[in-house]
2 protein chains.
Amino acid sequence: MVEVKIENVVASSLISREIDLEKLSCLIPDSEYNPDEHQAMLIRLKEPKSAVFLLQNGKLVCTGMKSLEEAERVVRNVCGMLESSGIKTYKEPKIEILGIVASVDLGREIDLEELREEGVIYNPEEFPGLVYRIKEGVIMVFGSGKLVCIGRKEEELKENVEKLVRNWGLENAKNRS
Amino acid sequence: MVEVKIENVVASSLISREIDLEKLSCLIPDSEYNPDEHQAMLIRLKEPKSAVFLLQNGKLVCTGMKSLEEAERVVRNVCGMLESSGIKTYKEPKIEILGIVASVDLGREIDLEELREEGVIYNPEEFPGLVYRIKEGVIMVFGSGKLVCIGRKEEELKENVEKLVRNWGLENAKNRS
DNA sequence: TGCTTATACAAAGACCTTTTTAAATACTTT
DNA sequence: AAAGTATTTAAAAAGGTCTTTGTATAAGCA
């Protein structure tokens, strides 16, 4: 059984009808807002460690979290900050998980030159990882036996890893003996 | 007792009265000679593994060797190549060792921020190693406990390492207990 | 006088490469 | 008008490049 470790979650939420970013950026210490470069205001949270984009139309995009639960806490924290700054936010805003990045250690080395499956791209001069695209996302395979998996649903992502390991015969050598 | 491992030797020698580089570069396979970029002709040897610069005035500079003995073999090999190409070389040319680079593993980690000796420069944003200049050369100290030592004489270099270890109290923790 | 060019070499840390995703504004091309 | 490109953020993987230090050589340039 391979362990799939979630390293990054991207989420979005509609938290308010409208946000005056000029005003808010003055009230939130250490926030960044440069409308000439980017339309969003950036807040970096320490707990959960994350980066939060706020848009004028009340939308929020956040990234850097390690779990779906952390995403919820980030949204909750930011809503609290806005309320404290005199901006009304929605009660229990709906959170959408946009993407998940996870890492896997298969505990064995892999000869990437041998893998010839459909959907595989491997240009070692360009990038040391082998890129495998599937309908639900991407899995990058490294010679060390580590994987980087990208998808939108945690359960789906885990299934795709197990399928890859089984179909490509990448079980850990220990498990074979 | 710390082991000092020589990684690179730079040496020079006057091996001939004069060398016609244009002619020689045509006779020596895989040599490089582009007078517009650099006045020297470059020969890379496989055994000993090294790079050799030849100048029109008969001077030779070579680098990449792992010992003084290898420097001697390089000079001897190049003289043989020149003689085979119809260029007279001196008998037993004098070889000068210009510099030696060595690595040392102290087998313990070091807190570089603590080291406050005179002659020490440590700017971790610029370079992760601490640079310690002494009269006879330079010793770079890394947090991993590894050193890179630069000097001109092998014995002197070894003495300087021992002095640094003793004076800075950097003996391996194992040797202390 | 000082810097550049080129060569080898060790150390370790930074940065780059690739992949995914939302947001919305600006700019360019079709 | 539509499509495409660019901007910013986080994270993992591993391979490459760069940083620093010393050294000879000699020609070119400021």
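Below, each value reflects all heavy atoms present in this structure, side chains not excepted, and no hydrogens, waters or symmetry copies. Every chain is numbered from 1, with letters handed out A, B, ... down the list of sequences.
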Among C:dT7, C:dA10, D:dT20, the one nearest any side-chain atom of B:Ala51 is C:dT7

Please state how far atom CG in A:Leu130 lies from atom C1' in D:dG15, giving the value in whole angstrom units. 15 Å

How close or far is atom C1' of C:dA12 from atom CD of B:Glu109, stated in whole angstroms? 12 Å

Please say yes or no: joined through hydrophobic side-chain contacts below 4.5 Å, possibly via intermediate residues, are B:Leu55 and B:Ile95 part of one cluster? no

Check A:Glu7 with A:Lys66, please: is the shortest side-chain N to carboxylate O separation under 4.0 Å? yes

In whole angstrom, give the distance that lies between atom CD of B:Glu18 and atom P of D:dA26. 13 Å

Assign each of A:Ser12 and B:Glu125 to its nearest nucleotide of DNA chain C by heavy atoms, then name whichever residue's nucleotide is nearer the 5' end. B:Glu125

By nearest atom, which of the nucleotides D:dA26, D:dA10, C:dT17 is closest to the B:Lys59 side chain? D:dA26

Please tell me which of the listed nucleotides, D:dA12, C:dT21, C:dA12, lies nearest to the side chain of A:Lys66? D:dA12

State, with a plain yes or no, whether a side-chain heavy atom of B:Leu42 is found less than 4.5 Å away from one of B:Ser31. no

Under 4.0 Å, counting only non-hydrogen atoms across every strand here, what does B:Leu42 touch: a base, just sugar-phosphate, or nothing? sugar-phosphate

Heavy atoms, side chains only, cut-off 4.5 Å: are B:Leu45 and B:Asn77 in contact? yes

Side chain of A:Thr63, base of D:dA10: donor and acceptor closer than 3.5 Å? yes

From the list D:dG22, D:dA14, C:dA22, which nucleotide is the closest neighbour of the side chain of A:Phe142? D:dA14

According to a strict under-4.0 Å criterion, is B:Lys5 in side-chain N/O contact with OP1 or OP2 of C:dC9? no

Do A:Val138 and A:Tyr132 have side chains that get closer than 4.5 Å, going by heavy atoms? no

Write down the distance between OH (B:Tyr132) and P (D:dG22), rounded to a whole number of angstrom. 15 Å

On DNA chain C, compare the nucleotides closest to B:Leu147 and B:Glu32; which residue's is nearer the 5' end? B:Glu32

Rounded to whole Å, the CE-P distance (A:Met41 to D:dT7) equals 23 Å

With heavy atoms under 4.0 Å as the rule, sort B:Gly64 into base, sugar-phosphate or nothing. sugar-phosphate

Can you tell me the distance, in whole Å, between the CZ atom of B:Phe53 and the P atom of C:dT5? 13 Å

Regarding the side chain of B:Val61, the nearest nucleotide among D:dT25, C:dA8, C:dT19 is D:dT25

Under 4.0 Å: is that the gap between some side-chain N or O of A:Arg44 and OP1 or OP2 of D:dT9? yes

Would you mind telling me which residue lines up with the more 5' stretch of DNA chain D, A:Ala102 or B:Ile121, judged by nearest nucleotide? A:Ala102

Rounded off to whole Å, could you give me the CD1-to-P distance for the A:Ile15 and C:dA23 pair? 14 Å

Of the nucleotides D:dA10, C:dT21, D:dA12, which has the atom closest to the A:Arg152 side chain? C:dT21

Closest approach to the side chain of A:Met140, judged atom by atom: which nucleotide of C:dA23, C:dT19, D:dT9 is it? C:dT19

Any idea which of C:dA8, D:dA26, C:dT25 is nearest the A:Gln39 side chain? C:dT25

Mind checking A:Leu98 for me? I need base, sugar-phosphate or nothing, with any heavy atom below 4.0 Å counting as a touch. sugar-phosphate

Polar side chain donor-acceptor pair, A:Gln56 to A:Gln39, under 3.5 angstrom: no

Working to the nearest 0.5 Å, report the span between CG of B:Leu147 and CG of B:Leu106. 4.5 Å

Let's see if you can work this out: which of C:dT7, C:dT17, D:dT21 has an atom nearest to the side-chain heavy atoms of A:Pro128? C:dT17

Regarding the side chain of A:Arg133, the nearest nucleotide among D:dA14, C:dA22, C:dT20 is C:dT20

Regarding B:Val138, tell me which of base, sugar-phosphate or nothing describes its non-hydrogen contacts under 4.0 Å with the strands shown. sugar-phosphate

Tell me: CG of A:Asp30 to P of D:dT9, nearest whole Å? 15 Å

